[in-house]
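A quick write-up on the structure given underneath.
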Amino acid sequence: MTEARSNGNISVSILGASGYAGGELLRLLLDHPFVDVAQVTSERNAGSFVHFTHPNLRGRTKLKFVSASELAPCDLLVVGLPHGGAMGRIAEFTELAGRIVDMSADFRLQDPQAYVDWYGKEHTAPDWLGRFVYGLPELFREKIRGARYVSGVGCNATASTLAVWPLFSAGLADPQRDLICEVKVGSSEGGNRSGDATHHPERARAMRSFAPTGHRHTAELLQALAQVDVDDYAGVDAHMSATAVDNVRGVLATAHVFVKEGVSERDLWRAYRQTYRGEPFVRIVKEKTGIYRYPEPKILTGTNYADVGFELDERTGRVVALCAIDNLVKGAAGSALQSINLMCGWEESTGLGFSGLHPI
């Protein structure tokens with residue numbers, strides 16, 4: 001258990017809080033009953049009020065951004081730096097806090113070679129990879145509980161993994177067929193630094209394939225599938241494609257999984273229900289009628305929910321597995337807070353009760 005302050009709360013600071021994920025985590029932590037936000041950093045915005053960058057927080061906090069050099073020790077540090085920013089400074093960060101959650105990709109993969117293969121560069125702190133727990137509670141809850149170091153999870157990897165996990169963990173997927181997943185993503189996935197691809201005249205009204213092959217989050221999906229305790233799946237490969245759509249938020253993962261001969265829709269229902277029974281933030285969405293009969297990112301805006309669904313093509317044995325999330329919450333800040341709750345021994349859903357809006 002993290003050592004509590006005199007008011008019973010723990011102190012949490014956010015390094016790199018001017019980004020979208022950092023801002024979302026700050027929004028969530030401001031309403032958390034057991035957390036006091038101590039400091040938030042931004043090199044570009046040091047000295048300015050938080051609400052100048054995150055206007056939705058106007059009147060909610062009087063915090064100002066500080067430079068990272070001004071960070072004081074705290075109970076738990078959340079690192080929201082761009083990818084590559086945490087690995088070279090991890091020893092420094094451990095001097096500031098006994099517990100760390102890194103929202104970047106720097107400690108998501110356990111194999112140092114995977115960073116070379118998928119990120120094109122050597123990991124500068126490979127000895128630390130084994131110390132971090134992959135921060136997807138639905139798969140690694142017990143390892144996260146009480147952990148000192150937890151990594152973030154890629155938003156596309158979150159949606160893809162949650163969509164297909166029941167099919168593999170129940171042994172229904174055909175081990176002779178690869179998994180193919182297409183993710184459609186909103187513009188906030190690109191972060192708050194604009195570039196040619198995110199410039200509004202170029203990005204607006206676009207449906208643009210930006211990673212037909214080689215998406216980095218594929219590595220996380222492969223790593224998760226390797227945890228399945230079914231020997232038949234040792235050689236199964238996964239292929240991910242990503243398409244930008246004209247949304248600000250949201251990920252919709254559409255995965256194609258061929259199942260073993262004889263698998264019925266009843267088997268699929270059983271697998272999804274057994275896998276996600278009791279999960280506080282995973283909802284099975286599969287209705288016979290209605291415009292929201294399948295998962296839809298729109299109604300998840302601002303929430304930590306992951307809506308999953310499926311459809312079986314009995315003619316071919318293909319299951320289309322779906323998962324919708326808000327990329328900035330369940331795909332980043334929400335999962336981080338969910339992990340913090342587990343790390344500190346609190347109820348897992350604390351501070352994450354927002355149910356979304358409709359219509360929106």
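The shown structure was predicted, so the numbers you read here are calculated from the model rather than taken from an experiment.
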Should Glu24 and Arg249 be marked as a salt bridge (charged side-chain N to carboxylate O under 4.0 Å, His left out) after you check the CA-CA gap, both sets of side-chain angles, and the distance that decides it?
-> CA-CA 12 Å; Glu24 279 294 84; Arg249 291 182 185 237; 3.0 Å; yes

Take Glu138 and Lys330 through the salt bridge (charged side-chain N to carboxylate O under 4.0 Å, His left out) test and state the conclusion after the steps.
-> CA-CA 11 Å; Glu138 289 76 15; Lys330 184 56 179 169; 2.9 Å; yes

Asp307/Arg283 under salt bridge (charged side-chain N to carboxylate O under 4.0 Å, His left out): CA gap, chis, key distance, verdict | CA-CA 5 Å; Asp307 284 354; Arg283 307 184 297 193; 2.8 Å; yes

Take Leu71 and Ser13, measure what side-chain contact (heavy atoms from CB on, under 4.5 Å) needs, and give me the verdict at the end.
-> CA-CA 8 Å; Leu71 272 178; Ser13 294; 4.1 Å; yes

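Here Glu348 contributes atom CD and Leu342 contributes atom CG; the two are 4.0 Å apart, rounded to the nearest 0.5 Å. Atom-to-atom distance recorded for Leu179:CG and Leu225:CG is 6.5 Å, nearest 0.5 angstrom. Atom-to-atom distance recorded for Leu136:CG and Gln338:CD is 8.0 Å, nearest 0.5 angstrom. The CG atom of Leu26 sits 8.5 Å away from atom CG of Asn56, with the distance rounded to the nearest 0.5 Å. Between atom CG of residue Leu322 and atom CG of residue Leu162 there is a gap of 12.5 Å, rounded to the nearest 0.5 Å. To the nearest 0.5 Å, the span separating OH on Tyr292 from NZ on Lys298 amounts to 4.5 Å.
For the residue pair Phe354 and Thr301, the shortest heavy atom distance occurs at CE2-O, 3.5 Å. Between Gly250 and Pro297, the shortest heavy-atom distance links the atoms CA-CB, 3.9 Å. Residues Ala163 and Ala321 approach most closely at O-CB, 3.4 Å, considering heavy atoms. The heavy-atom pair separating Met343 from Val101 by the smallest distance is SD-CG2, 3.6 Å. For Val251 against Ala159, the heavy-atom pair with the smallest separation is CG1-CB, 3.8 Å.
Judged by distance alone, the side chains of Ser188 and Asn327 do bring a donor and an acceptor atom under 3.5 Å apart. Side chains of Asn341 and Thr350: a donor-acceptor N/O pair is absent below 3.5 angstrom, by distance only. Counted by atom type alone, Tyr134 and Glu220 present one or more donor-acceptor pairs between their side chains at under 3.5 Å. A donor-acceptor pair shorter than 3.5 Å can be found between the side chains of Glu311 and Tyr294. Between Glu189 and Asn156, the side chains place a donor N or O and an acceptor N or O closer than 3.5 Å (distance only, hydrogens not considered). In this structure, a donor-acceptor pair under 3.5 Å is absent between the side chains of Asp106 and His83. At a cut-off of 3.5 Å, with distance as the only test, no side-chain donor of Asn45 or Ser48 sits close to an acceptor on the other residue.
Connection of Ile14 to Phe93 is not established within any shared hydrophobic cluster, with ILVMFWY side chains joined at heavy-atom distances below 4.5 Å, either directly or through further cluster members. Under the 4.5 Å side-chain heavy-atom criterion for ILVMFWY residues, a single connected hydrophobic cluster contains both Leu312 and Phe168.
The aromatic ring centroids of Tyr20 and His54 lie 6.0 Å or more from each other. You'll find the ring centres of Phe310 and Trp269 inside the 6.0 Å limit.
By the 4.0 Å N-to-carboxylate-O rule, Asp102 lies too far from Arg108 to be salt-bridged with it. A salt bridge is defined here as a Lys NZ or Arg NE, NH1 or NH2 lying under 4.0 Å from an Asp or Glu carboxylate O, and Arg141 with Glu279 meets this definition. Salt bridge absent: Glu95 and Arg89 never bring a charged side-chain N and a carboxylate O closer than 4.0 Å.
Judged by the 6.0 Å and 45° rule, Arg131 forms no cation-pi pair with Tyr149.
You'll find the side chain of Val37 stays beyond 4.5 Å of the side chain of Val12, heavy atoms only. When side chains are defined from C-beta on, Arg177 does not count as touching Val236, because their heavy atoms never get closer than 4.5 Å. Looking at Arg99 and Cys344, their side chains come closer than 4.5 Å, going by heavy atoms from C-beta outward. The shortest distance between side-chain heavy atoms of Thr243 and Phe210 does not fall below 4.5 Å. When side chains are defined from C-beta on, Val79 does not count as touching Met103, because their heavy atoms never get closer than 4.5 Å.
Each of Leu129, Val133, Val150, Ile100 was checked for a side chain to side chain contact (heavy atoms under 4.5 Å, CB included) with Phe107, and the lone residue meeting it is Leu129.
Between His51 and Phe49, the ring planes are parallel. Angles under 30° get that label, and only those over 60° would be called perpendicular. Aromatic ring orientation, Trp346 versus Phe34: tilted (interplanar angle from 30° to 60°).
Judged as a side-chain hydrogen bond (donor to acceptor under 3.5 Å, both in side chains), not a single pair has a partner in residues 118-130 (not counting sequence neighbours).
Atom CD of Glu70 sits in a crowded spot, with more than 12 heavy atoms from other residues, nucleotides or ligands closer than 6.0 Å.
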